[in-house]
Each structure stands twice: as structure tokens, then as C-alpha cells.
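Notes follow the structure.
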Amino acid sequence: ECGRNPLLGPTLIPPIVPCLNYSKVCPILDRGENNTYACCSIKQLTSLETSLTLSKVVLIRCPSCAENFAHLHCITTCSPNQSQTVKVTKVMNVTYLGREKEAVVGYQAFINASFAEGAFQSCKNVRIPATGGFAVGTMCGRYGAKLCTAQRWYDFQGDSSNGLAPLDIDFRLLKEGDTTVLPEGVIPYSGTALKCNETTPSGGQVCSCQDCQESCPIVPPPPPPSDPLRLFGVDGFFIISVILFCLLVLAFLVFLIVSFMLRSKQRKSEEKHKTKCKDQNSNDVTQQVIYPSEVTCTDRISLAAHSFLSLLFQRWGTFIASYPLTVILVATAIVVAFSVGLKSIELTTDPVELWSAPSSRARKEKDFHDTYFDPFFRTNQVILTAPGRQGHIYNSLLFGQQNFSGLVSKDLVIQLLELQKRIQNIEFWSDDLNSTASLKDVCFAPLNPSNPSLTDCAVNSLPQYFQNSLDNINAKVNMTELGVTKEVDWRDHLIYCLSSPLSFKDITDLGMSCMADYGAPVFPFLAVGGYENDDYTNAEAFILTFSLNNYARDNPKFKVAMQWEKEFLRIVQEYQKDPACNFTFAYMAERSLEDEINRTTAEDIPIFMISYAVIFVYIAVALGEYSSWKRILVDSKVLVGLGGILVVGCSVLASMGFYSWIGIPSSLVILQVVPFLVLAVGADNIFIFVLEYQRDVRRPGEKREEQIGRVLGNVAPSMLLCSLSESVCFFLGALSTMPAVRTFALYAALAVVMDFVLQMTAFVALLSLDARRQDSNRCELLCCVTVSTQRPNKPNEGFLRPLMRKYYAPVLLNCYVRIIVVKLQIVGLDQELAMPKDSYMLVYFEYLYKYFEVGVPVYFVTRKGYNFTSVEGMNGVCSSVGCDQFSLTQKIQYNYLTQSYLAIPANSWVDDFIDWLNPGSKCCRLYTIGPNTGKFCSANEREDYPLCVTTHFITTFSAPLLAVWAYGVLRPSVEDFNRFLPDFLGNRPDLKCAKGGLGAYDTAVVRDESGEIIASRFMAYHIPLTNSQEYTAALKTARELAHNITLGMRNISGTSPDFEVFPYTVTYVYYEQYLTIVPEGLFNISMCLLPTFLVCCLLLGLDLCSGLLNLFTIIMIVVDTVGVMTLWGIDYNAVALINLVTAVGISVEFVSHMTRSFALSTKPTHAERAMEATANMGSAVFAGVAMTNLPGILVLALAKAQLIQMFFFRLNLVITLLGMAHGLIFLPVLLSYFGPGVNKAVLLQLQQAKSKASKELETRSNVGPTYDNMSYEDSETKKGQRL
């Protein structure tokens, strides 16, 4: 050797060059003792080994590749026939050890192209486990792995400007028979390169699948998605739907014909049992005679149930109306007692707590991960673009013509650096730390986590390729290449670093590193976005990312991190408003999602208040009687309407207070949905009660309190039917496993119960007080003022009831319209949804989906129960030479090759640990003398023998370490695995040992006190995922893969039967709901539908027919709601499920009142009974449910939050409109065809009452009827009859 190369300045390793008179050096292969010839001394062999070490560290995973790589350099350095392959091109006089020698500083090596190509092919797929990238990406200069070829690979190895090659080597790759450029006497070396799936002469095994595609087993491709069902070339489901429609229409027509024929026969038979009598207008009326024997048991039970409930509520109403003030005070006291619990209310805002059950798989896996590993770091990110700027073509001396977008320009890179430094220099006073806080106090510092400085913080950006140095960006130097001298600058360095981010020195004369200032590489997809085919310099976006540690919420540093993020947002927002800013950008902090949800909630509170105000005004106006302009202030119902609203509000407060007492937290969804639901239920009951009272006339001698009790007895059973159905529905809905749905159901159920209780008490008392005022002709708001105009002694029908009776019901129930209605009825939480329309987060999400090339990281986590220390255990995990073909990392590799949801295969601490232990890497060394004798000595310590020695030279301290260490299968013993693993995890990677585990793996392995590995993880990356369907599919695929891995690893000896591997990423806990949302939804809705059917049947006296029709109509409303959701682009998620459960409750209000009114009607035909129910109850339902909900819902269209617009405006509007359509259009028609028959027990009771009344008339002809008080309307059933 002749010392340093005098042509080179500072380099990463000493550029020692050989002397000219040693041109024939180094053996090529060991041919055995006394048969090996070479021109290398021991010192030269040591020098060559040092030169090859850095490459062997990353190539030794594949023995044939490592041997091919060393093969060529042995030929060109130590072969006895070196002069036939090498031609010296440049020598210089060098003084070395006091003697002047002629040193070789450049030569040409002539290689057969087939050998070179074979060697390259054996190495091109070798992976770097820590990054998931290819090793040749770090050994091909500016071209990276994708554009690397054999020629470019060897050119980089012979380029002394990269800081690794000691001299310039011009590799000439010649095809077979090509002698045009051969110097005289030179013969191209034409050895045989080993294939990656071949064993090596030195005993190395074939390379693994991850490093050699030829070694991969044949893995069947995943089954293609099934083709959509098609019949006769048309969508199959459409054809099936048409066929079903035709069959239903045909069945309905057959039903009409058969029913017509049966009715004709029935009329003839009934003529014999009918008698003529006079009605109240002295008209002849034919009436069927009912005999007691004709009354069925069901009819008697139905009458008994109705009579019992009516009498019970009549007495209750009379009692409450008699003591109104006392009742109101008692009710107020009860509400206050419940509401005091609000002082302990907990409002859940964490999405994990809302949508993921503690017992769910994703939640358990998240808890396990966060217990043993650090949670995902907090991401604070800016994505910057510069649209409209003109790009340029840069003609580089080294790289040729390169396209640079308008964004990738020096002035914008400098502006980006200025913004980055402004953010890095954030300082603020922290009360939690009682000192000034900065980024270093909370940042994620992978290579110095214990005591980080500002430069240790992980900041990923393009300026990191220049170590955040303005001087490096401005650096320029003249460089000569192939006789051409030209200036190289920041662009040349950037081109190189984007292709070789792991390089410690570029190949230009600038000689700058590509590594970030915190010591790790910045991969291009973390620095730029919006590029195609790895054309990084043509990127459309810069990506600037600050990573903070994710502290627990009870950790004082959590508040410090939140403060830092607040300052980050302030600076970014100020920068965005700066006129000098040339960027268009989007940004986010980890806290942004929660901040924006809270902001929009606060901003939308006035919208909700306006909504409720509109509803209140409507109720106050609609409840008034308005018989005369002079009595308008007397007959208005403003205070009654206000009382009804207060009843709803008090029921919600009492429910929230009660659950706060017992420790069940609330949420924003509950605050927004439950009042709306209870208002819909409560307003309906209020309208039914008040309108029934207004339509009634006090009987002679009847007290006001008795009238209120009698009216309540008429309508309260219907109110009980709906309220009981809804409350039982929601209590059963609390069986849901989804926390938000469960708590909503609990809060809603108790609120409905409290609403009914307060209506039966406080509201009845309030109406009694209002009736007393109205009877005294006192004005509502001015109680001391009276009017002289008396209240007319006749019922007030209002506006809707006559309209429905005279026009709507007859038209709807016309025989032709009914047929048309039946036929028509036969036919029929991505994150950004939580953001308001003006949120900066929406722009961020848009940029995220547009510019990011890699998605979120995904970890494959192992639980306790696997023996990593055994050879079989290591082979079941690793992916390098000697590993099982179907190991953990190999299976992930197969999935990466065949599936589409992994962008980068998983890293593997086991692989890098094995490579780190390999003596060829010179990473694992021990002190041999001094106080640290026997302890770990890092690779960057001095290599003076015998101070630090590579482990394979040591027998005293590590005798059993390696069974095979050169190119064979290397596995440590159990003792050495446990001994050196902590050293590996704490070893900082650097140029001399890139396999150190600090930063990449120090948090990936968790051991207990005994040293057993109880948890570990292997990180891969998802592709960019943009919607819930992709996130759900990725989760499902990852779980299937993890299950397959688990089954394979359980077969390895020493593995616990309950050992498990599971996938985890931060988004799984949110999107797991989509895997179970359909069965969860069916379960919850079924639990709601069941009580509506049972309660309806029971309260109507085992009326099975009414219960089934009630159930059928509610099911149709829910099904049609889901259909409209699809057409209107409303996603089916947990929030939608809550609204569907709400839809069942509101549907009960639209349907059950009508069904009960029809069942109790005594009109002779189904159509007449349907008309009566539509006129009497339909008008109250329309006024109480539909017209109460619609104004408030329409106001919600003004809300800023898309979540409210989507799931509260759109979905509630759909529910209300469909409820109206089914309850007021379809249900009356359905009842007119399939409704239950007239209750003969009721008819018999009326018949007996009429007979008794006739006898009394005969004996007392001078006494008028006292029971009939409805003579104003001939078509209406008498109140007594309706009982």
C-alpha cells in the first residue's frame, strides 16, 4: 500500500491506494492449502476487507450476492492474472512512511457483461429491513434502485467522489466477442456469477424470497372479486327487483278480486242480521245486529284493555287537573333532583371512546399496543404547493437534463427553510414545566430520546437534505467530469439525495451528506409529493412534518405538546396571511381535528337554538284556537307551547343528570340528537292531547277537571303506546356494543320515559291552569286583563281536521288511488365529515389524498408466548438467508406482492439483529482490555487491535456465538441473543454500522425482567387510503394475513397455544365499525322493532293484525330511509345508525296513533274507518310530528358542520318526509285493505247502550239524550262510541 490518495480531500473512510509495483495482488478464491496463489499481503487483505465491509453489511443477507460483489473486487485487486483484466490509467508519486512511491489512483477494469449482469441480478432485490427499500438504492448513486443497472452499479463502486471508493475504477462491461475497445493484452474477466437462488462454494445457502424473487414459492394469487350478478346482460338485481315487483302487483290484484268476491257473499249473509233504525238526524240507517255469541275472546280482551286504560287515565287526569300547582311543584322538584347530577357530567370527545367498544378487538389491540409501545407520535404537518409557477430544465454535469417543477426552485426551498426554522424556534412559557418550553421538550427524537437537543428532533422536509443549512443550499463548486468542467450546485445535490437518501456523501465535489441533521434519512415520499414514476424533482408539493411524542392525557407534557401545537398553528396561519408568502398550502396539527369539532359545535349552537325557537313559535301558534279576533289573546297557547317545550327540555336534563350521577358519560351526539327525538315525541303527544281537548265539548254538569280527565282517558292510551314502544326500543338498543350508540339509547330511553311522566303530570296541570284562565276570559300574557267576548260552546276543529276529512281522506282512500298508492310503495364517518365547510382541515385532507404517495404505517404486533431466542424461532420470523419460506416477514412480503394494500414490506429487527451480529458487518465488537473488557464496543470506536475486536475473533467472551459466520446461516445462541440484544437496540446507526437498532427498533422490542420478549412489532406501510371502503378492506386484509401468520408460528416448537400476531395502525380502531356495522345495525334496529310490535299488540288487547301492520309500516320507513341515504350520498356509519334508531322512534309516532285509531273505530267498512282515523288522528300527527320537525330541520341546513348537514339535516329530513308518506298516505291505504275487523265487543256494547237508551226514552219521552254531544257532525263517531 502507498498511503492516502492525494487527489481526494476529506472522505468517509481512509482512501488507501495500492502501490504500482504491487499491481498483481489478492487471491480470487481459496483453492486450498498449497494451492492458493495471490498477489496480496495480509495488510492488503485487511484493507480490502475494510473497503468491502460497508457493502457487506447490507448485502450479506444474500450470500450469493455478497460473494459476487467481493468476487469482482478480488479479481481486480488480488488476482494473479490481474494484468489481463486491469489497465492502470493514472499514477501519482506519494510519500508514505517517509518513502516516495508511485501509487495507483485510477485504473480500468474490463469485465464480461454477462458476469456483471449476473452479479447485479443476484443483488438487485436485496432489501434493507429497517427501511423496506433495496440495498442497491444506496449503491447506485443518483439512479436509485428503480433506474439502477449493472453498469451504473459498478460505476458507483468505482467513483471515488462518493467517499467510499479509495480510487477511481472505470469498469468496462463488454459483450461476448466485443474487442473494439480492448487494449492490447487485456482479456475481459468472464467468471461465473452465482444466482441468488444458488448456494455458494463457501457454504452459503440460497437467498430468501424477500431478497430473491427466484427463491419465492409459487403463491396463488388472491381470488378476483366476484363479477356482479347479471341476467340477460342487465344488472341481475334490477331484473330480480322487477320480477318481485310484478309478482307483488299480481298478488295484490288477485287479493282484490278474491276480496271483492268474498265481500259480495258476506253482504248477502249480513242482510239477514241487519235491522233498520233512525240515526240522530232521523235518517234510516241499516245496522248489523251483534249477538253475544259472535264476540270473540280477543275482542273482549281488547275492549277490556282499552276500557281499563281509559278509566285509569281518566281518573289520573281528573286528580292531576284538580291540584295543578302542587303537581307542578313536585314535578319541578323531581326534575331538579335529577338535574343536579349535571354538575358531574363528563362529555366524551375522544373518537376512540365514542365509536370503539372497550371489548372490541381493535380497542383491545390498541390498548395492548399503547401499553407496551409508545403511542403513535403526534403529527404536525404542512403541505405546500406553488401552482402556476413555471418549471425549468436543468442540464446537470453528472445527471444530464432534469425537469424541475416551478415548486422545486431555490427561492422556494429557502422560504421553506425559513418557515421550518420559525416553527423549530417556537418558545413559550409552560406552567406545567414551570419554565420556558420549546420543541425539544416534546419532540420525537428517535436517535437521542433521553436528552434531545433541537437538532435531535425528527423534522422531515426537503431542506433536511442540506442539514437545514442555508450555506449548504447556496454552496457551489466547479467540477470536471469526463473533461467537461461545469458548476454544480444545490440541484445536483438534491437530485442525488432524492435517489440515495441513505448516503453520507454525495458524488459531487460539494461532498455534502444527504442525512437529516437528526441523523436519520429522509425518504423522498416524506419530503415531496405529487410526483409520478419517482420523478421527484418534478414534484408538486413540499411536505414539512414535525413529530411530537404522544403523551398520555394525564402527563404534564401532554399540555405542553398541546401548547406547542397551538403556537404551531398560529405561526402557520400568520405565514399564510403574509403577502410575501409564495405558497398555497394546507396544514394540520394533531389537535386540529378535536379543535375544529369543538369550534363547529360552538358555532352551530346558535343554529340549534334557532331551530328550537322556530319549533317553539310553531307550537305556540298552532295550538291556539283563534275563534275570534277579539279572543286571540285569550285562546292563544303560547304558555302551553312553552310549557310543552320545557317538559321536553326537563326530560332531557333529568335523563342527562341521572346518568351523570351514576357515571355514564354523555357526548355531543346525545346533546344534538336526543332533544330532537324527544321533541318529536313530546310535541306529537302535546298536539294530540290539546287538539282533542279543543275538539271536545264539556258535558252538562261536568267540571273542567273532569273534562280534562275524560279527554286524557281518550288519548293517553295512544300516548302510552308510543312512549312505551319507544322507551323499550331504546333500552334494548343499549345492548349495542358501540359506546356512542349504547349511551345514546340509554339517554334517549330515559328521556322518553321522563317526557311521558311529565306530560301526564306537569303538562296536564299546566293545561288545567290554562283552561281555568281561558274559561275566565283572561289574556294569556296579561292575566289581569279580561275580554267580554265569551267562548263559543262548540268544539273547535281547527283547520287541518276539516281539510283532511272533506278532501284528503276521501281522495286518498278512493278505490283507484288506493291501488296506485300500494303499487308505488312496493317500488321503493370519514374524518372530513366532522369538519365545517370553512375548516382548514378540509383543504388538508384534499392535499393529503392528492399528494401523498404512502399511507399510514401498520404494525404487525406479536404477543407473549413466542421463543425468539431459538434458531427455529428466529427462522420463523426473519426473511434473510436460512429463514423459513413462510415466516412472519416472508408472508408479509407475499402479501405485498399479491395484494394492493401494503406499499412497503415490513421491517424486521430480527433480520437486522442477525446481520448486526455477523462478523462481516463489524458492528458487534467487544473490548478486550481495560475497565470495559468484555463489554460492547460500538463500530465508531477506534479499531486499534486488540482494544476492540469483532466478535468472531473472540473465544474468551463469546465462544458459542456463531456456528457459521461467513456466508452461511448465522444464528446466535440463546445466551448471546439475550446478551447482545440490548446492545443492538441501543447502537446508533452510522456509516460504519448501518445496522444499529437505535431509532428503528429500540421501541420495537419489549422484554420483562427475566429477559423474555413479551411484545414486539414489525412495521410496514399501507398504500394511501382515501375512503372508508379502502380503510375497511385494508383492515380486513391485514387481519386475514395476521391470522395466517399466527397459525404458522403456533406450529413452531416452544410457542404458546394462545400466542397471537395482530395488525395495528391508528385508524383501525375507527374503521372496525364498518366490519360489524351491518350486523350491529340489524341487531339494534331489530331490538327496536320488536317492542313496537309487542307493545302495540298488548295495549290493543292482543290485536295481532294491528301489531303486524304497525311493524310492517315502520320497517318500510327504515328500509326506504336506507335507500334514500344511498341515493343522497349519506354514508352508513355509526352516526347514521343512531339516526336510524331514532327513525324507528319517530316512525312509531307517525304510525302507532293511526293504527290504534283505526282499530278502535266502529265505522262499518275498512275504508270508512281509515277515513275516520286519517281525519281525526292524521291531522294531529301531521301537526304534531311533521310540522313540528320540518321547520327545525330546515334551519339545520344553515349549519357549518358537514356532519350536522349530512346526518341531522339530510337524514332527519328524509326520516320525517318518509314518515309522513308512510304514516299519512301508505298506512291508511294499507289499513283499508288489510286492517283488523271492527271489534264486535265494542259494537255489542254500543248496541246494548242504545237499547237501554231507547227504553229510557220510552219511559221518559220528555227527557233529551245526555250521552250524545257530537250532533255538530253526523259523520263523526260519538265520544261514547269511541270508548
Side-chain angles (χ1 to χ4, degrees), residues 1 16-32 35-56 59-60 63-90 104-123 139 150-160 164-176 178-179 181-195 198 200-202 204 920 966-967:
E1 293 179 341
I16 306 300
V17 295
C19 299
L20 179 62
N21 61 344
Y22 280 166
S23 58
K24 298 179 180 180
V25 290
C26 187
I28 165 183
L29 291 172
D30 182 2
R31 299 173 185 264
N35 197 30
T36 298
Y37 299 94
C39 297
C40 286
S41 65
I42 295 297
K43 190 174 183 180
Q44 286 174 306
L45 284 174
T46 302
S47 178
L48 178 60
E49 184 184 23
T50 301
S51 299
L52 295 177
T53 294
L54 294 178
S55 300
K56 279 187 177 181
L59 298 180
I60 206 164
S64 56
C65 165
E67 187 151 315
N68 287 335
F69 181 82
H71 186 161
L72 179 61
H73 292 285
C74 285
I75 291 296
T76 58
T77 307
C78 295
S79 172
N81 301 318
Q82 181 195 45
S83 60
Q84 296 178 359
T85 304
V86 172
K87 180 183 179 182
V88 176
T89 57
K90 192 171 187 179
V104 176
V105 294
Y107 65 83
Q108 290 179 326
F110 296 87
I111 316 289
N112 188 291
S114 61
F115 170 81
E117 185 63 30
F120 173 72
Q121 289 297 325
S122 70
C123 293
M139 303 170 64
Q151 183 66 65
R152 291 168 177 173
W153 187 44
Y154 282 115
D155 286 345
F156 181 84
Q157 295 175 37
D159 188 353
S160 62
L164 300 173
L167 72 167
D168 290 320
I169 307 173
D170 180 13
F171 289 99
R172 299 293 182 94
L173 308 186
L174 304 177
K175 294 182 180 180
E176 190 71 34
D178 184 4
T179 60
V181 295
L182 277 178
E184 185 178 352
V186 173
I187 301 173
Y189 180 74
S190 56
T192 301
L194 296 168
K195 294 181 179 180
E198 292 180 344
T200 66
S202 56
Y967 296 117

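Note that the coordinates shown come from a computational prediction; the quantities given were computed from them, not determined experimentally.
Between Ala150 and Ala116 the shortest heavy-atom distance is CB-O, 3.9 Å. The two residues Thr192 and His71 have their closest heavy-atom pair at O-CE1, 4.0 Å. Nearest heavy-atom pair, Ser122 versus Ser64, reported as atom, atom and distance to 0.1 Å: OG-O, 4.3 Å. Taking all atoms of both residues into account, the shortest heavy-atom contact from Ala119 to Ala193 is N-CB, 3.5 Å. Shown here for Thr76 and His73, the closest heavy-atom pair between the two residues is OG1-O, 3.3 Å.
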Yes or no on side-chain contact (heavy atoms from CB on, under 4.5 Å) for Tyr107 and Ile169, after CA distance, side-chain angles and deciding distance? CA-CA 5 Å; Tyr107 65 83; Ile169 307 173; 3.3 Å; yes
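Residue Gln121 holds its CD atom at 11.5 Å from CG of Asn68, rounded to the nearest 0.5 Å. Rounded to the nearest 0.5 angstrom, Leu173 CG and Asp178 CG are separated by 11.0 Å. With rounding to the nearest 0.5 angstrom, the CE atom of Met139 is 13.0 Å from the CG atom of Asp155. In this structure, Asp159 CG and Arg152 CZ are separated by 14.5 Å, a value rounded to the nearest 0.5 Å. Put simply, CD on Gln157 and CG on Leu72 are 7.0 Å apart, with the number rounded to the nearest 0.5 Å. Between the CD atom of Gln151 and the CD atom of Glu117 there is a distance of 10.5 Å, given to the nearest 0.5 Å.
Ring-plane geometry between Phe171 and Tyr154 is classed as tilted, the angle between the planes lying from 30 to 60 degrees on a 0 to 90 degree scale.
Shown here are the side chain to side chain contact (heavy atoms under 4.5 Å, CB included) partners of Thr85, two or more places apart in sequence or in another chain: Ile75, Ile111, Tyr189.
Between Phe115 and Pro188, the closest side-chain pair of non-hydrogen atoms is not below 4.5 Å. In this structure the side chain of Glu67 reaches within 4.5 angstrom of the side chain of Leu194, judged on heavy atoms. Residues Leu167 and Ser160 form no side-chain contact, since every pair of their non-hydrogen atoms from C-beta on lies 4.5 Å or further apart.
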